[in-house]
Every structure is written in structure tokens, then in C-alpha cells.
Amino acid sequence: MFESLSDKLSGILNGLTRRGALSEADVTAALREVRLALIEADVSLDVVKTFIEQVRSRAVGAEVVRSVSPGQMVVKIVHDALVETLGAEQVGINLEATPPVAILMVGLQGSGKTTTTAKLARRLTERDRRKVLMASLDTRRPAAMEQLATLGKQLSIETLPIVTGQSPVQITRRALDAARLGGFDVVLLDTAGRTTVDEALMAEVAEVKTLAKPHEVLLVADALTGQDAVNTARAFEERVGITGIVLTRVDGDGRGGAALSMRSVTGKPIKLVGMGEKMDALDDFHPSRIANRILGMGDIVSLVEKASQNIDAEKAKALAEKMRKGKFDLDDLRDQLAQIEKIGGVGGLLGMLPGVAKMKDQIASANLDQTVVKRQKAIIDSMTRMERRNPDILKASRKKRIAAGSGTKVEDINRLLKMHRQTADMMKAMGQAKRGPMAGMAQMFGLGGGMPSAEEIAKLQAQASAGGAGLPDFPGAQGLGQQGQAGKPPIGLPTGLPGMGGKGFGLPGLGGFNPFGGKKK
Amino acid sequence: MTQSNPLDQKRGLFQRLFGSDSAAAEPVAPVTEPLSWWQRLKGGLQRSSQALGQGISDLLTKKRLDAQTLQDFEDVLIRADLGITVSERIIAALKREKFDRDVEAADIEHVLVNEIKNVLDPVAKPLAIDTTKKPFVILMAGVNGAGKTTTIGKLTAKFKAEGHKILLVAGDTFRAAAIEQLQVWGARNDVEVMSRPQGADAAGLAFDAMTRARTDNFDLVMIDTAGRLQNRTELMQELEKIVRVIKKCDAEAPHASLLVLDATVGQNALSQVELFRKSAGISGLIMTKLDGTARGGILVALAQAQQIPIHFIGVGEGIDDLEPFTADDFARALTQRV
């Protein structure tokens, strides 16, 4: 029921791909669906209209590049237009000014200003090594100032002492003085939430801005916002003047149309995104990633980054060597399960894969949650070392013992063993094949024919952390990357998933669910 | 210009809002009288009408209702967050009745308002405190920043005025200073607030509160919870646990589980209601922040898809800025702006 924008668009455009020629009727049909999908994704109507026209003028009469299907051509045009609207490149927080650099945080009530202020302070302190002072100008919401003070204490970042009875303008003056005298590099001013029709409060924040002369004015906005996103963004831009947008609750299951809307009406970059409740959950905004997600290509770059952050490189190397020799025992399977858990579980992993978005409902109904992985780990943990190394010795009575020990049933153990056998067989084939279907499979995972050696894995990993990670050519991606990214920075194909590649992409824990082959389950 | 309304008091309100002709007959509202949401909305519309939009009459440039004009009206509804499906359905009704006929703005408004009202009427239900349940337990849930704590503060004022003995429970043990925020509301209303230090187990606190409310004869227990996004399984399980623990003390409790929705929310509200319903057995909705530019039209889609009661709307930061939800006012507000 809750199809995301990426689900919808990839559905429509897959339909187009199968057709022969790109006619004007095709474009119109596709764009009608794109329009609906965008509105359902909460993109503001005016922005949808502009966007559609932009795409139409490019799509109709566009030359269909040889060896590219007409559908792929439309995909590319929509993709490029999305990236363009979202802002072609990432813009960070600008601190190039004489300290103390003031940053003013504004937004509606409950958009996440105070939490974002603290997250930003932490980021500036830890990543940019700045000395940061936070000050709350929120004299209205009960305990708002205490909230910032508490967060400051948690993060060991200084906050301006609370003096009751002062007006926001007075507090601003005090904060600026304190920042100057205390030798702070940055002073973050967290304002009270306000509706844009509240003239008095809008005038007040404008006054604070005049006084503080902030180098950045960040509009903090909820990614779950609907059509009102344009009103909010426009009003803050007109009344206060903003330099950038911070989108919060991007970890929600919202469709994120607000990003497109706000960027489009203000022309101001989305600088950061809030990705969770923890204080380190504040990330850079990557327009092309969001556009890729919108197009159903999955957030593969995030996956690679997350994977390379969390996967133990040493273990990956060791495993690759084992695989080359055709050895893959239950201990290895257990490691692999643990790694999957670290990346955020099977659900999180699949959500980031291209094309898989379409199957999200099936995945949800298949109940592929953490518990499956956990249970399989428990089964392996209930085995003796000898059993883990040599699963062949597992007969009925051993299985019964293991089932009792792990709180599962004998069938579960059989299923796990079968999965292990299949994974091991596949890995063996991938490790040895230079030719034949398995070689193609290995190629798909960026293993370049044979298995990667330890050095190759290290290389892939370096590539990933340098940001040049590749989009593997999954069948579901329909070769989008190839032409969609032509001439762009090295998001080229098919370099593969570092770490993940080394471990094979068997996705253990899926118990017979094959994300690439479709719907076994 | 407005249709007759059976409620005298209502009609007076609308006359004050719309009828400049009847303004002379109606005494000007004294400055001290608090403005209703509808009045304020009207004020806001006047202020921002140039920048933000037009009324129905501005859209009706031709006498005859044609396809383009229908599309324009559909856009009005979409811009108010009603979503594609509901908007199309309402416009289809308008088309059935008025297409290719001579129409006036009032006719169009009448059809649109009625269509929306028909959807909203069945869900516009006041929140009734059943005094035979003692204590009557209300659980507040919602995503981060929706306005749960503020709404509790306002509800407390309202229910206290009705004579209930109230216990507030600071169940948001996660967010910094959430406890202090509820304590301020407790002090303002002069009611007791039960809390544990930040980071404590909210379910345990709920259990203590239930026990306490029984022994000390409270009529009403309102339990605040931490904001959580509905797709975060682990956080939703935490909420389920709170409900489970409450049920352990009283199988019928919580007697009302209220989901607080921010008016700015778009189509994601559908997912919020569905998933919060699954975890916390949401029994009703409160929509906050209707004093801004957001119209909250998603309630119409929700009423259609989920048939869930809507109790109150929040219209400001003040303690009495909470009004009962009425289908008629809300339907009018939705059609007022492009």
C-alpha cells in the first residue's frame, strides 16, 4: 500500500523499457505516472508541475542514444532532472568567517531544531575541531533551554548559562559576547519554533538575525512534511533569509518529497540530513543518492559505505582466502551472519539494494527480521567446535541436542545446514570459476572473474572510502548506471561491493529467499 | 453566503467570519475573548492571501464548470494534503453534480465542503472520559516533535476544569528535558507529575503510575511517551511493552490511546496511523499546529482509509489552544486556500 516514489517510478519505467521506441505518447504516459508518484511522495504540486515540464521538454525530441532503450533514456532524463533540482553537488556548512561564526537555526515547532543544534555542535567539535558554544533563544516552550543544556552536558559542549526573563535578542547579545570573550570558533543559536504566519515571532527572528549577522541560517525541516513544505520554506526564505536546509527524520519511511520541494522553491542547498535519534546521526546530503533512491536504484552508495565501515577487513581477507580454497565452514557462516547484523539486519541491507524496493512488501510479509539471523546464530553457537568445522557429522541425535540447546527445532537446523551447503557450493564455484555462468555471477559482484585476492579486497575497500564506490550491475538496475552515469564522476560500473564482494553475496539468513532471482518465498 | 446551520452559536461564529453584511448586527467580538481557531485562520488567510492563494471564486473564472477548472479545484485539495485518491474522488462528485453547468462559487464550495464533511462527520467524535473506569488511562503516542507533551498540558487543563483528579506520567524518558517539560505543564495545571530519571524504563514507570493511581484514587492518568518513528521496529516494540504493562494492571486500559499528528505531515500520516494502531492500539487522533499554514488535509484521507476517530485540534502554544474537532469547520478551512 505504501509504495515509495522509487517503487512507483521504477514500476512505470520498467514498463517503458520493454517497449521499442520512445514516442511522445510514451513520454506523456510516463510523465502522468511520474506526476502521480511525485504527489504521492509529498512533492509540492507547484514543484511537481515545474519538474514535469522540465522533463517533458527534454524528453520529447531527445535523441535516443544508440544501444540504449527508450525507457532507459527517459530514466536518465528524469534522473538528471531530479539531481539537478536537488542540487548537483553537496554543499557543507560554511565556517569561512572571522570567529566566532554565528549559525542561526530556525524552523517550525517540533521540526527538530534543538536536537539538530546539538548534533551539529558535536559534528563541528569532533570533525572540524572547532570550539562551539550553544545558546537557546527558545523562551517559549517549557524546558527548551534545559533540553539544550542537557544535551550540551551529555556531549561536553558548552552552552550559554540560562538567565530567566531575558528576551531572545538579549540572549543573542549575551551569546555573542560570551563567544567572543571565551574564544569560541562557532556559536550556534537555537531559536524557538514558530509558525510562519506569526508576524511577531517572524519579526523577532529577523531582529536576531540582524544582530547576530550569522554566517549560516539553517532551516530545520521535517522530511515527513507534506504540501506545506513550500509555504514554510518560502516564508522563512522571504522573512529571514536562509543559507541552507537541514532535513530531519530522514530515517523515517517518508517519501522525502519535501526535499525536492524546499530545494526547488528556495534554491538553497540541503546541507545535512538527520538520520536517527543518536547524537552522531547527522549526515551529509547527497543529491545523487536521493535521486537514485527515487529512481528505484536503491541507496547502494550508502550500503557500500556502511558495509566498509562495519565489515572487518581482516576477517574478509581471511574468508576470501578460505573461499579460494573451497573451504567455508559454519564458523565462517556465523561470522557472515554477525556482519549482516552489524550492517543493520537483512531488512536494512535489502532496502538499500537496487530494485529490491519493489519487493519490500514481500520482504516484510516474509518476516525477515533480525530474529531469523539471531536464531541461526544461536543454532551455530549450540554446536561443538568439531561440528562447526565439519557439519557432515551432524546426525539425528546431535541435531536434537542442538535444537534443544538453541531453542529451535530440528527442521530449523536442517534448513540452516542446507543454506550453508548451498552457500558453500556457490562460493566454491565463484572462487574457482574463470569461465561459465558462475564467473558471470562473480563478475556481478565485482570479483572480476575469479575470487579477489586479499590485495584486491583492500583495493576495493580503499575505493569505497574514497567515495568512488561502484554500482554493481544487478539485474534489477536494468543497466541504469551504465548510461545514467556516463561522463559523471566515478560511480561507474561494475566495481562492486568491497567487503561484501569478498564475502560473496549469498545473503545468508535469507533462508531460501533470493533477492536477485525473485520470489522463491 | 454560508448555509444555515442548526447551531445558533455556530452561525454567529460564521457570520462574524464571513458575513461582512451581518457584521453590523453582530456585536464585535471583545478583545479579551480568545479567538477561535477558525477566526484566527481567517485572519491568517487575510494576511497571506496575496502571497499564498485565492479562494474558490478566484479560480472560477468562467461561468461554466469545465475540465480545466475541475483540475484547478483538484489542485486545491492536493495542496491541502488530501492526497491524490481522495482528491480525485471528491472532484468526481463535483463533476457528477455540476459539470458543464453554470455555477457560482458558492455552489462549488457547497459541494466540496459537503463531500469533505461527509467523510469527516463519522470520525468527528469527542473524547469521552468514562468515569466508571477508575482510573481512566490515556496513552499519548506519536512521532518526534508532533506535540505530545504540549497536548497533554492542554488536555490536563481541560479535564481538570471538568473536575477530574489527574496524574501525569512523564513516560518520555529518552529525550533531554522532556520530563522537565511535562513538569512545567504539571505545575501550570497544578497536578501531580510522576517521573523517573532520564533513561529509565518507561514501561516500569507506567506500571508504578497505574499502581499509584489506584491506591491514591486518581480519576485520570495521562501517560506521555517518547517520540518515535513508526518504521523503527525496536522503538515500536518498546511502545508495545508499555501497553502490555498497562494491561497487566488493568486489562481494559489504556482506555484511550491517542496518536498526535502534526498538521504539516503529508502522506506519511497514513503509515503512522497504520503502524501506531498496530503497536499501541490507537483509538483516536489529535492534530496539532493548525495555527500555521498547513491545512492537515491528510485527515480526510485518514478518515476514509482508517475510520479512526478525530478528537481535537491544537491551534497554538497556549494552554487553552485546543479545540474539539468539527467536520464542518475543518472542511471549510480545507477549501479556503490554494
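Chain naming here is simple, since letters A, B, ... match the order of the sequence lines and numbering starts at 1 in each.
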To check you understand the geometry: which heavy-atom pair defines the closest contact between [X] and [Y], and what is its length?
{"X": "A177(B)", "Y": "E146(A)", "result": "CB-C, 3.7 Å"}
{"X": "I39(A)", "Y": "Q267(B)", "result": "O-CG, 4.5 Å"}
{"X": "Q227(A)", "Y": "D81(B)", "result": "N-OD1, 2.8 Å"}
{"X": "V197(A)", "Y": "G292(B)", "result": "CG2-CA, 4.1 Å"}

Inset, instruction - Using non-hydrogen atoms and a 4.5 Å limit, figure out which bit of L235(B) sits close to chain A: side chain, backbone, both or neither. - result: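 Looking at L235(B), just its side chain touches chain A.
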Inset, instruction - Could you look at Q272(B) and say if it's the side chain, the backbone, both or neither that has a heavy atom under 4.5 Å from chain A? - result: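 Just its side chain gets close to chain A.
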From [atom1] ([X]) to [atom2] ([Y]), nearest 0.5 Å:
{"X": "R79(B)", "Y": "L45(A)", "atom1": "CZ", "atom2": "CG", "answer": "4.5 Å"}
{"X": "D291(B)", "Y": "D198(A)", "atom1": "CG", "atom2": "CG", "answer": "8.0 Å"}
{"X": "R175(B)", "Y": "T114(A)", "atom1": "CZ", "atom2": "OG1", "answer": "8.0 Å"}
{"X": "N268(B)", "Y": "R249(A)", "atom1": "CG", "atom2": "CZ", "answer": "10.5 Å"}

With the side chain counted from C-beta on, respond yes when [X] and [Y] share a heavy-atom pair under 4.5 Å apart, and no when they do not.
{"X": "K289(B)", "Y": "T195(A)", "result": "no"}
{"X": "L229(B)", "Y": "L224(A)", "result": "yes"}
{"X": "L108(A)", "Y": "T264(B)", "result": "yes"}
{"X": "P142(A)", "Y": "Q183(B)", "result": "no"}
{"X": "N144(B)", "Y": "E277(A)", "result": "yes"}

Inset, instruction - Determine whether more than 12 heavy atoms belonging to other residues, nucleotides or ligands lie under 6.0 Å from atom NZ of K241(B). - result: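 Counting neighbours around NZ of K241(B), 12 or fewer heavy atoms of other residues, nucleotides or ligands fall under 6.0 Å, so no.
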Legend entry - K278(B) atom NZ, over 12 foreign heavy atoms within 6.0 Å: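 Check fails, neighbour count at 12 or below.
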Legend entry - Engaged part of K153(A) at the chain B interface, taking heavy atoms whose separation is under 4.5 Å: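 Neither part; nothing is under 4.5 Å.
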Legend entry - Under 4.5 Å from any heavy atom of chain B - which part of T225(A):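 Both backbone and side chain of T225(A) come within 4.5 Å of chain B.
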Inset, instruction - Output the residues of residues 191-202 of chain B for which the shortest heavy-atom distance to chain A is under 4.5 Å, in residue-number order; output 'none' if no such residue exists. - result: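 Within residues 191-202 of chain B, near chain A: Q198(B).
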Legend entry - Test: R141(A) and E317(B) ion pair at under 4.0 Å: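 No salt bridge links R141(A) with E317(B).
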Inset, instruction - Please check if any side-chain donor atom of D228(A) sits under 3.5 Å from a side-chain acceptor atom of T293(B), or the reverse. - result: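 Present: a donor and an acceptor within the cut-off.
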Inset, instruction - State whether a side-chain donor-acceptor pair under 3.5 Å links Q109(A) with D262(B). - result: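 Judged by distance alone, the side chains do not pair up.
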Legend entry - salt bridge (Lys or Arg N to Asp or Glu O under 4.0 Å) pairs, two or more places apart, involving residues 112-122 of chain A: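 Matches after skipping sequence neighbours: R122(A)-E126(A).
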Inset, instruction - Mark yes or no for whether D251(A), through its side chain, and R232(B), through its backbone, hold a donor-acceptor pair below 3.5 Å. - result: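 Checking the backbone N and O of R232(B) against the side chain of D251(A), no donor-acceptor pair under 3.5 Å is found.
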